[in-house]
Visitor: 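Attaching a single structure in structure tokens format; questions to follow.
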Amino acid sequence: MKYFELQSSPEQKYAPRITGWHGKIVSQDITLEKYPDLPERQLFILDSTTKIIYTDFILFPFLLVSPSVMDVIKMYKELCFYRDVILLDQERGDSKLYYLPIFNETNKLRVIETGNKVWKNSNFFECNVKVYLDKHIFWVSDSQKRHTIISLDMAESLLKRSITGIGIKEVELFMERKESVR
């Protein structure tokens, strides 16, 4: 199975910009373990000083998805808890419903962009195993960021629905082996 990482797209330049989010939702608290502590519904005010396109994916300050994207996630029957987020543009008198999804997350995998030749020259393959999961959307976290990974099937389903704000980059997933060296 092929996998892709969600990334920024040209439309993301005009995606809604949330103001006043600091302290309301902390990215590190968006986990399955802390899900019960997250508010069931949250209202955020948008920065109205720029042009806004209500993209189906919002990547900053945390992942938000539109009802159309949530329908696709549910179609694949993936484990996904979520909270409602209302985005309000006071200047234009407009509001939209989004969802704050919470997926399975692992830090046991490594995400490598396909076509990135730099890592192929190391002994990376000697200590890691390429993996394929029976999942269509999940998170992989490392010391730098949380990667949202989707399967080829899910990517195709999203693209067939003309989802906006989706940028994808093909990746490979590797499980790190922990072997002692003597």
Side-chain angles (χ1 to χ4, degrees), residues 1-12 15 25-35 38 55-83 85 98-182:
M1 182 181 302
K2 288 188 175 189
Y3 297 102
F4 297 86
E5 179 181 2
L6 288 184
Q7 297 189 338
S8 188
S9 70
E11 298 97 350
Q12 286 292 327
I25 295 181
V26 179
S27 293
Q28 293 84 347
D29 291 343
I30 304 172
T31 64
L32 291 175
E33 294 79 22
K34 295 184 180 181
Y35 162 76
L38 293 172
T55 56
D56 291 294
F57 283 96
I58 298 174
L59 302 177
F60 183 81
F62 30 76
L63 180 65
L64 295 174
V65 298
S66 71
S68 299
V69 173
M70 186 55 74
D71 289 344
V72 172
I73 292 169
K74 289 177 181 178
M75 180 178 78
Y76 281 91
K77 296 180 173 53
E78 286 295 327
L79 176 65
C80 174
F81 294 97
Y82 59 90
R83 295 299 194 196
V85 173
Y98 278 84
Y99 297 102
L100 173 72
I102 299 109
F103 303 117
N104 276 324
E105 183 171 9
T106 183
N107 61 1
K108 307 286 187 217
L109 298 176
R110 189 175 217 182
V111 176
I112 305 293
E113 288 184 7
T114 302
N116 184 350
K117 304 296 183 199
V118 176
W119 57 270
K120 289 186 177 180
N121 295 331
S122 70
N123 62 0
F124 182 76
F125 286 112
E126 295 174 14
C127 60
N128 294 279
V129 176
K130 192 170 180 179
V131 295
Y132 299 95
L133 305 174
D134 190 21
K135 296 202 165 294
H136 293 282
I137 189 164
F138 55 95
W139 284 328
V140 175
S141 58
D142 60 29
S143 61
Q144 297 175 354
K145 72 181 240 184
R146 175 184 280 164
H147 305 268
T148 303
I149 307 298
I150 63 174
S151 69
L152 174 61
D153 292 342
M154 182 170 279
E156 288 176 342
S157 294
L158 292 166
L159 294 171
K160 284 179 184 176
R161 288 165 177 76
S162 300
I163 297 297
T164 60
I166 182 174
I168 55 174
K169 175 80 173 179
E170 188 175 351
V171 296
E172 293 178 339
L173 303 174
F174 292 88
M175 176 82 62
E176 292 189 32
R177 284 194 205 165
K178 303 283 186 199
E179 295 179 10
S180 59
V181 178
R182 294 184 188 257

Visitor: Measuring from T31:OG1 to N104:CG, what's the distance to the nearest 0.5 Å?
Guide: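 T31 OG1 to N104 CG: 11.5 Å, rounded to 0.5 Å.
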Visitor: Could you give the distance from CD (E105) to OG (S141), rounded to the nearest 0.5 Å?
Guide: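 Reported to 0.5 Å precision, the distance equals 4.0 Å.
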Visitor: Do the side-chain N and O atoms of Y76 and S151 include a donor-acceptor pair separated by under 3.5 angstrom?
Guide: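 There is no such pair (donor and acceptor under 3.5 Å, judged by atom type) between the side chains of Y76 and S151.
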Visitor: Kindly indicate whether the side chain of E172, heavy atoms from C-beta on, has any atom under 4.5 Å from the side chain of V131.
Guide: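 A side-chain contact under 4.5 Å is absent here.
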Visitor: Quick one: closest heavy-atom pair of L100 and L63, and the distance?
Guide: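 Smallest interatomic distance, heavy atoms only, reads CD1-O, 3.4 Å.
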Visitor: Would you give the length of the straight line joining atom CG of L173 to atom NZ of K135, rounded to the nearest 0.5 angstrom?
Guide: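 It comes to 12.5 Å.
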Visitor: Show the atom names and distances, to 0.1 Å, of all donor-acceptor pairs under 3.5 Å that link a side chain in residues 65-73 to residues at least two apart or in another chain.
Guide:
{"from": "S66", "atom 1": "OG", "to": "D56", "atom 2": "OD1", "distance (Å)": "2.7"}
{"from": "S66", "atom 1": "OG", "to": "S68", "atom 2": "N", "distance (Å)": "3.4"}
{"from": "S66", "atom 1": "OG", "to": "V69", "atom 2": "N", "distance (Å)": "3.4"}

Visitor: Return the CG to OG1 distance between L59 and T148, rounded to the nearest 0.5 Å.
Guide: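 Between L59 CG and T148 OG1, I get 7.5 Å after rounding to 0.5 Å.
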Visitor: Just grab all the salt bridge (charged side-chain N to carboxylate O under 4.0 Å, His left out) pairs involving residues 149-163, residues at least two apart or on different chains.
Guide: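 Qualifying pairs, neighbours excluded: none.
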Visitor: Once side-chain contact (heavy atoms from CB on, under 4.5 Å) is applied, do any residues pair with E5, and if so which ones, sequence neighbours excluded?
Guide: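 So E5 forms a side-chain contact (heavy atoms from CB on, under 4.5 Å) with Q7, V111, K145, H147, I149, V171.
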Visitor: Between F60 and S8, does the side-chain contact (heavy atoms from CB on, under 4.5 Å) criterion hold? Intermediate values first, please.
Guide: CA-CA 10 Å; F60 183 81; S8 188; over 6 Å; no
Visitor: What are the two closest non-hydrogen atoms of W139 and P101, and how far apart are they?
Guide: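 Taking every non-hydrogen atom into account, CH2-O, 3.3 Å.
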Visitor: Evaluate N107 against V140 for side-chain contact (heavy atoms from CB on, under 4.5 Å), listing each step before the verdict.
Guide: CA-CA 6 Å; N107 61 1; V140 175; over 6 Å; no
Visitor: Got a sec, which residues hit side-chain hydrogen bond (donor to acceptor under 3.5 Å, both in side chains) with D29, two or more places apart in sequence or on another chain?
Guide: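 K34.
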Visitor: Between Q12 and I58, what is the shortest heavy-atom contact and its length?
Guide: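 So the two residues come closest at OE1-CA, 4.1 Å.
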Visitor: With rounding to the nearest 0.5 angstrom, report the CG to CZ distance, L32 to F103.
Guide: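 With rounding to 0.5 Å, CG (L32) is 10.0 Å from CZ (F103).
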Visitor: List the residues meeting ring pair (Phe, Tyr, Trp, His ring centres under 6.0 Å) with Y99, not counting sequence neighbours, and say none if there are none.
Guide: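 Y99 satisfies ring pair (Phe, Tyr, Trp, His ring centres under 6.0 Å) with Y82 once adjacent residues are dropped.
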Visitor: Quick one: ring pair (Phe, Tyr, Trp, His ring centres under 6.0 Å) partners of Y132, sequence neighbours excluded?
Guide: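 Not a single residue meets the ring pair (Phe, Tyr, Trp, His ring centres under 6.0 Å) criterion with Y132.
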Visitor: Taking atom OH of Y3 and atom CG of L109, what is their separation to the nearest 0.5 Å?
Guide: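 If I round to the nearest 0.5 Å, the distance is 9.0 Å.
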Visitor: Taking only residues two or more places apart in sequence or in another chain, which ones pass side-chain contact (heavy atoms from CB on, under 4.5 Å) with S27?
Guide: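 In terms of side-chain contact (heavy atoms from CB on, under 4.5 Å), with neighbours along the sequence ignored, S27 is linked to F62.
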Visitor: How far apart are the closest heavy atoms of L6 and F57, and which atoms are they?
Guide: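 Of all heavy-atom pairs spanning L6 and F57, the closest is CD1-CE2, 3.4 Å.
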Visitor: Listed by chain and number, what are the side-chain hydrogen bond (donor to acceptor under 3.5 Å, both in side chains) partners of K108, not counting sequence neighbours?
Guide: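 By the side-chain hydrogen bond (donor to acceptor under 3.5 Å, both in side chains) rule, K108 matches no residue at all.
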Visitor: For R83, enumerate each residue passing the salt bridge (charged side-chain N to carboxylate O under 4.0 Å, His left out) test, keeping only those at least two apart in sequence or located in another chain.
Guide: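 Not a single residue meets the salt bridge (charged side-chain N to carboxylate O under 4.0 Å, His left out) criterion with R83.
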Visitor: Got a sec, which residues hit side-chain contact (heavy atoms from CB on, under 4.5 Å) with E170, two or more places apart in sequence or on another chain?
Guide: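 Partners of E170 under the side-chain contact (heavy atoms from CB on, under 4.5 Å) test: K2, F4, T114.
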